[in-house]
Amino acid sequence: MTSKRRNGWKPFMVFFILPAALIYTFFLLLPIVDSLRLSFYSGSGFIPTEFVGFENYKKLFTEFPFKQRMLNAFTNNIEFFIIVTIVQNIFGFFIAFLVTRKIMGNNFFRKISFLPTTLSVLVVGFLFKLILNPAWGIFDKMLTAVGLSGIIHPWLGDPVTALPALAIVVSWQFMGESVLFYTAGIDAIPEETLEAARIDGANPLQELWYVIIPAIMPIIGIVTILIFIGDFTQFDIVYAMSTTQANPGFATDLFGSLFYRATFSTPVRGGWGMGMGAAVSSLMFILVFSAVMVWLYFFKMKGDGNE
Amino acid sequence: MKKALLIFIALALVFTFTVSAGGQKDGGSAAVSQEKVKIVFTSWRTEDIERMNRINAVYMKAHPNVEVVFQPINDNEYDAQMKAALETGTGADVIFLRSYDTGRSVFEGGSLAVLNDEIPSLEAFPDAAKKAWSTEDGKIYGVPFAGVTHGVYYHKDVFKKYGLSEPETWDEFIKVAQTLKDNGEVVFAQGALDDWTCYEVVFSGVTTNWWGGEKSRQALMAGKQKLTDANWLSAFKAEDQLQQFFPKGYEALDYVSMQQMFGTGQAAMFMGGSWELGVFEDLGSGSEDIGWFPPPLVHKGDRMQYCFHVDAGIGLNKNSKHYQEALDYVRWTSTPEFAELFMNELPGFFAYTPGDYNLSNPLAKEMIAVASDADLTVRAVWEKMSAQSPSGNSLMGEALTKMWKDEFTPEQAAAYVQDGLATWYKPFQK
């Protein structure tokens with residue numbers, strides 16, 4: 001097959017592209033564009049009609065309480081992302097490393113590690129909310145049983161511990177994804193490479209440090225960017241464990257929950273109206289889009305360098 | 001390639017036929033269901049489905065051509081979903097409306113019928129109730145239906161065990177709490193996680209006598225008083241005083257857990273709303289087990305200031321496909337028959353519908369009896385002061401939870417709400 005034929009454009013190809021392009025346009029592209037448009041409007045109705053230019057953005061970046069809530073959600077999102085990235089990458093990699101070793105039960109653990117990921121975030125959220133309940137939650141009872149009653153704490157009621165608690169729950173749930181990626185990466189390292197390292201006298205730790213980790217670096221990048229996208233659009237876990245008010249006192253507010261509350265709640269419950277909500281979602285879009293672009297740029301550069 | 005194209009066209013045709021056949025099937029079933037007119041009634045109270053179905057069964061028995069379907073939406077999403085549905089022409093026919101600004105914004109969206117001429121009997125409803133669902137020029141857009149009140153629930157056996165009686169004043173109230181605490185009891189099933197309870201129930205409903213009730217509320221609304229004034233500040237301080245009696249881990253105790261804790265007898269007292277009577281009954285604490293007392297007075301002999309909050313109005317979708325049938329149903333909701341059915345099915349909700357009622361729940365009777373010898377008011381910063389962001393409601397919730405967690409002093413909490421409201425509420429900017 002010549003390269004000309006491979007790259008040649010044929011009219012019938014439209015039929016293959018069209019269905020996906022239509023779905024993508026109607027359900028993703030148009031809503032994003034419309035949301036950007038709405039962020040320039042204001043009004044009390046469900047569909048704001050009064051054009052206000054950049055007024056919503058001005059409010060969001062300068063006025064109380066919009067600025068405070070936005071900055072709070074931003075810093076919370078960064079903290080949430082850091083915790084999830086560390087926990088999911090380190091533990092995920094560690095589990096993947098173990099299940100790819102020739103030890104008893106590795107296949108069983110390989111499968112079971114993915115189980116939590118198959119649950120709904122809401123189910124997991126409600127479950128952990130019960131587990132951490134200060135009146136009858138099992139977590140505090142377990143701490144008491146092992147003699148650690150001194151560290152019992154209102155985990156979801158203290159602004160210091162509430163967000164890390166949510167981040168750990170999310171990490172636990174999606175750990176399976178990291179394990180899956182890392183397992184695939186480790187499995188893809190040719191056995192000869194590892195064998196060569198062993199012949200050269202590498203111990204298991206050196207094998208890990210000098211062979212396995214460098215080989216899976218691109219996967220660490222992929223897992224991290226997936227965590228980034230997931231965390232900056234995260235909403236469900238806050239909704240399930242901290243309600244739309246991001247209890248306690250907005251300490252668990254992320255961009256996703258801020259957007260939801262701002263857009264869909266009444267002012268009585270902390271809502272800001274559809275126009276302001278659209279401004280928040282546009283900001284989220286710009287943040288995530290820019291971060292992914294930067295990531296792609298660096299990885300492409302790295303890829304080009306390798307060629 | 002031609003073959004691939006043919007296969008694609010064939011698949012597309014099959015898909016089109018399947019979809020159109022499905023459409024015909026739907027059309028067919030619609031024709032069958034034309035026998036009965038279906039009216040959809042929506043509300044924010046998902047817990048009421050069974051009770052509302054029983055009430056609607058009475059109406060449907062008398063109107064066999066009508067099917068009333070109660071379709072509530074989760075409280076948090078209610079306003080947005082209901083408004084969206086109304087504005088896109090898919091809204092319910094009969095709609096539960098919140099009082100004042102939130103309900104008013106639905107009316108201003110242009111989807112609600114004006115009821116003055118449609119239901120002339122509304123004229124006889126109390127003015128204070130009508131005001132919550134009408135415009136300044138007197139257009140009523142919701143049947144001023146039900147109000148709720150607030151106070152303190154307690155377990156009779158615990159009070160009996162320590163020889164305690166219902167406190168009348170705040171000092172007595174604190175003494176009761178102290179006695180229970182000294183005896184190792186869990187005093188209040190109260191938490192600080194869901195901030196609305198700190199403001200809507202405890203501040204508005206239990207410290208009412210401190211902030212001064214309706215006169216103070218009107219003065220605050222007009223900008224003649226500030227939340228940092230002595231009377232309002234005293235309410236913040238009184239609420240702060242209660243923190244010492246809360247259970248371990250109260251910071252993380254959510255609303256449902258609070259109800260369960262009290263309803264299952266794990267705490268002696270609970271500051272709550274009248275609407276919780278049914279919940280406690282379902283949890284095994286009926287009126288024979290629990291007692292209730294109204295917000296404690298500041299001084300013995302003071303006149304009771306009682307927060308009797310305008311809670312739910314019933315609106316009619318003016319674009320309803322079955323306008324006449326929906327109107328007939330809304331008319332029925334303004335009758336004493338509906339009011340009595342509702343109050344007995346949902347004890348703790350009190351209808352404004354004029355009439356003499358025989359309430360079956362003794363605690364509900366007590367709650368309504370207090371109103372007859374008290375000055376009535378509504379939640380402190382609900383009217384006008386919660387129409388925009390940052391709303392009085394959300395600022396109060398935030399400030400009070402922070403106060404209960406020692407992040408704010410009462411003075412700081414009061415100033416936080418006052419300053420927050422001053423960012424947009426004109427009377428506070430003077």
Side-chain angles (χ1 to χ4, degrees), chain A residues 10-16 18-19 43-47 59 63-66 68-69 129-130 132-137 140 152-159 161-162 165 239 241-251 260-274 276-277, chain B residues 1-2 4-5 8-9 12 75-81 83-88 98 101-102 105 108-110 186 189 191-196 247-255 257-258 260-261 266-267 382 386-395 397-398 401-402 405 407 419-420 423:
Chain A
K10 299 282 176 206
F12 76 87
M13 288 179 183
V14 172
F15 288 107
F16 293 102
L18 206 63
S44 62
F46 189 68
I47 300 157
K59 267 168 102 175
E63 284 180 24
F64 173 84
F66 313 103
Q68 283 74 6
R69 299 280 173 276
K129 195 178 175 185
L130 278 177
L132 296 171
N133 188 300
W136 39 72
D140 289 350
I152 286 178
H153 194 78
W155 307 105
L156 295 177
D158 182 345
T161 53
Y239 180 78
M241 292 184 74
S242 310
T243 78
T244 51
Q245 300 299 310
N247 291 326
F250 309 111
Y260 182 86
R261 189 178 59 252
T263 314
F264 298 113
S265 294
T266 58
V268 167
R269 300 256 189 260
W272 298 349
M274 198 56 81
M276 283 297 288
Chain B
M1 281 308 137
K2 272 184 184 169
L5 188 60
F8 179 78
I9 292 169
D75 183 58
N76 276 325
E77 284 97 43
Y78 178 71
D79 300 276
Q81 276 196 34
K83 269 189 182 177
L86 283 175
E87 287 183 24
T88 51
R98 300 191 203 264
D101 305 289
T102 312
S105 71
E108 281 169 1
V186 177
L193 195 62
D194 287 316
D195 63 14
W196 68 269
K248 200 178 168 199
Y250 73 94
E251 299 95 329
L253 201 65
D254 66 335
Y255 177 57
S257 300
M258 283 155 57
Q260 287 176 341
M261 203 171 175
Q266 294 179 57
W382 177 256
S386 286
Q388 282 184 40
S389 289
S391 69
N393 240 55
S394 60
L395 287 166
E398 194 187 346
T401 21
K402 285 192 170 162
K405 290 188 204 166
E407 290 173 48
D419 296 346
T423 57

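First the proteins, then the strands, lettered A, B, ... as listed; each starts at 1.
- At a 4.5 Å heavy-atom cutoff, B/Asp101 makes no contact with chain A through either its backbone or its side chain.
- For chain B, no part of A/Arg261 is nearby; none of its heavy atoms comes within less than 4.5 Å.
- In this structure, the portion of B/Glu398 lying under 4.5 Å from any heavy atom of chain A is its side chain and not its backbone.
- Between B/Trp196 and B/Asn393, every side-chain heavy-atom pair lies at or beyond the 4.5 Å cut-off.
- Among A/Pro267, A/Ala162, A/Gly273, the residue with the largest count of heavy-atom pairs under 4.5 Å with chain B is A/Pro267.
- Comparing B/Met261, B/Lys402, B/Arg98 by how many heavy-atom pairs each has under 4.5 Å with chain A, the most go to B/Met261.
- Contacts between B/Thr102 and chain A at a heavy-atom distance below 4.5 Å involve the side chain alone, from C-beta outward.
- Side-chain atoms of B/Asp195 and A/Asn247 form no donor-acceptor pair, as typed in the model, at a separation below 3.5 Å.
- Applying the side chain to side chain contact (heavy atoms under 4.5 Å, CB included) criterion to B/Pro390, with sequence neighbours excluded, gives A/Phe64, A/Pro65, B/Leu395, B/Thr423, B/Trp424.
- Between chain B and the residues A/Asn133, A/Thr243, A/Leu156, A/Val268, the largest count of heavy-atom pairs under 4.5 Å involves A/Val268.
- Top candidate by heavy-atom pairs under 4.5 Å with chain A, chosen from B/Gly109, B/Ala189, B/Ser257, B/Gly397, is B/Ser257.
- Distance check, rounded to the nearest 0.5 Å: CG of B/Leu253 to CG of B/Leu193 gives 8.0 Å.
- Using a 4.5 Å cut-off between heavy atoms, B/Ala387 touches chain A through its backbone atoms (N, CA, C, O) alone.
- Salt bridge annotation for B/Asp254-A/Lys129: present, with a cationic side-chain nitrogen under 4.0 angstrom from a carboxylate oxygen.
- Residue contact with chain A, scored on non-hydrogen atoms closer than 4.5 Å, involves the side chain of B/Gln266 exclusively.
- The most heavy-atom pairs under 4.5 Å with chain B, out of A/Phe66, A/Tyr260, A/Trp155, come from A/Tyr260.
- Under the 4.0 Å criterion applied to side-chain N and carboxylate O atoms, A/Asp158 and B/Lys405 are not assigned as salt-bridge partners.
- For B/Gln260, the parts sitting under 4.5 Å from any heavy atom of chain A are the backbone and the side chain alike.
- Between A/Pro134 and B/Gly249 the shortest heavy-atom distance is CG-O, 3.3 Å.
- The shortest distance between side-chain heavy atoms of A/Gln245 and B/Asp194 does not fall below 4.5 Å.
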